[in-house]
2 protein chains.
Amino acid sequence: MSKTWKEDVQAAIRAGERISDQHIVDKVRHAVLTQRLPPGTRLPEVTLGEIFGVSRSVVRKALTRLTANHVIDQRPNQVARVRSPSIDETLETFAARRLVEGEVVALLAGHLDEEQRQALEALSRLEVDAHQRGDEPARIEHSLAIHHRLAELSPNRVLGAMLTDLILRTSIVIALYKRPSLASCFLEGDHPRLLECLRDAEPEAARQVIGDHLQALENLLDLGPREAEADLMAILGQSRAMGA
Amino acid sequence: MSKTWKEDVQAAIRAGERISDQHIVDKVRHAVLTQRLPPGTRLPEVTLGEIFGVSRSVVRKALTRLTANHVIDQRPNQVARVRSPSIDETLETFAARRLVEGEVVALLAGHLDEEQRQALEALSRLEVDAHQRGDEPARIEHSLAIHHRLAELSPNRVLGAMLTDLILRTSIVIALYKRPSLASCFLEGDHPRLLECLRDAEPEAARQVIGDHLQALENLLDLGPREAEADLMAILGQSRAMGA
DNA sequence: CGCAAGCATAGTGTATACAATTTCCGAGCT
DNA sequence: AGCTCGGAAATTGTATACACTATGCTTGCG
């Protein structure tokens, strides 16, 4: 079961695709997003090189960029691993995204042309359709596409780029901490409501809607118990400088 | 005049410092900040390698990271150059920083312990001192240190990291677009006022003060005329695909 | 049976060689 | 003079070799 994504990639190579560090970054990012590369997965340079048919030089560049993108963890002399953000970081990432995405949609309200608005509404309809026919992966894909598009459309491109990053990071932690019980984290009507605010040029309403949307998403996660880790630290960490 | 920073670096190497990509990143970043490496400066890999006494492998990693940090521009098969953000991007960077730094100080208001507060006030006094004795470089250094410290102290470390990035980027464009006429862009009393708000636990006042501070800073820049570039494009660019 | 030391394996860090590409300059033509 | 067409120099892209570090397993001892 763990070999499938490798086969995908190698098929693409056989098909004659140009391979560069950008492709590796994209593939790994997407595989992480879709949970085909779960957090903690080892990413040895030679292995990646064999998979993509390139040498370690190219892989190394890709890994460096993935590290900058907060997708993987790279520590000296150790294998790169898919990042697994802590619960604290998850909360902070969501808070940051609420701030940034709220500002972006506020800036966007009333500043979309007809074509852009209709493209967004089409995506929203695709999302609803996918949900109604129970195709959760497709629904997630379309939902992500909406937010991603908002980031692209941001009049402030600096904020837009930051939002792109935050969308990726929140997606990763959603996949990580999603309650197994919950089949879907589809929040009925949120996206259509947002698009209404954008159409009607109501920046503060748009900010509110996206804020509530993200808060609701966060509330669907299983972020309760800190588990043993923190307790161990509290119990055993009486004197700080004893080990080394 | 262009050799001085190289000598600095080589002296450091002779002194036995460990060189790694992190050191190169730091050195280049600092040199860009202090305008010893003005925007547009070429950064060939072999040259940097000779300067720092390492091979291109290490330099390349550093350059990749600097690209991710928006400090340099790297385009395929071309020499890396110090980035020179456009006026539009400058405006957008400032807007992004107002948003993020405003949130950070709002979160920080009333949540600083005595030690942290006094450290910030000490920095603020150093800034005033430097200004009064006319030492502008030192004043900038201390001012930067205050903002940088705020980013470090941010309870939300995701926002803190984003703020660190934005401080660097705004500093670069300040250096780029500073009106030559203005000797100093010291905004009397802004920092002490901010620290008061933090001490008195007034988040919204703190957000307001930092927002005004950054707006005032932005207003000191020379961002008016778009110069000939845009005009040339408008006048000569009648048909897009003629050159190549 | 548990445990620690040591060796084999796996993996990263760095330097270097060679290929491919761009850039710059000069010669030659109009 | 101006313009274009080489061609050499400079520079990046990629692969590979070797050294160093970490990891894991096995062996030997208590």
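For clarity, every value in this text was computed on a predicted model and none was experimentally measured.
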State whether [X] places a side-chain N or O below 4.0 Å from either non-bridging phosphate oxygen (OP1 or OP2) of [N].
{"X": "B:R56", "N": "D:dT14", "value": "no"}
{"X": "A:S57", "N": "D:dT14", "value": "no"}
{"X": "B:R60", "N": "D:dG13", "value": "yes"}

**Check: A:L120 and A:L153 side chains under 4.5 Å, non-hydrogen atoms** = yes

Take atom [atom1] of [X] and atom [atom2] of [N], then tell me their distance rounded to the nearest Å.
{"X": "A:K61", "N": "C:dT14", "atom1": "NZ", "atom2": "C1'", "value": "18 Å"}
{"X": "B:E50", "N": "C:dT16", "atom1": "CD", "atom2": "C1'", "value": "14 Å"}
{"X": "B:F52", "N": "C:dA15", "atom1": "CZ", "atom2": "P", "value": "13 Å"}
{"X": "A:E45", "N": "D:dA15", "atom1": "CD", "atom2": "P", "value": "14 Å"}
{"X": "A:L48", "N": "C:dG11", "atom1": "CG", "atom2": "P", "value": "11 Å"}

**Item:** Pairing of B:R65 and B:D21 as salt bridge, 4.0 angstrom limit
**Value:** yes

**Prompt:** Hey, is B:R157 close enough to B:E152 for a salt bridge, meaning N to O under 4.0 Å?
**Reply:** no

**Message:** On DNA chain C, compare the nucleotides closest to B:S55 and B:R42; which residue's is nearer the 5' end?
**Reply:** B:S55

**Request:** Residues of residues 66-81 of chain B with any non-hydrogen atom less than 4.0 angstrom from an atom of DNA chain C: list those, numerically ordered, please.
**Result:** B:N77, B:Q78

**Asked** Ignoring hydrogens and geometry, is there a side-chain-to-backbone donor-acceptor pair from B:R97 to B:L166 under 3.5 Å?
**Response** no

**Request:** Return yes if some donor-acceptor pair links the side-chain N/O of B:T34 with the main-chain N/O of B:H30 below 3.5 Å, else return no.
**Result:** yes

**Asked** Of all residues at least two apart in sequence or in a different chain, which pass the side chain to side chain contact (heavy atoms under 4.5 Å, CB included) check with B:L107?
**Response** B:E103, B:P155, B:N156, B:L159

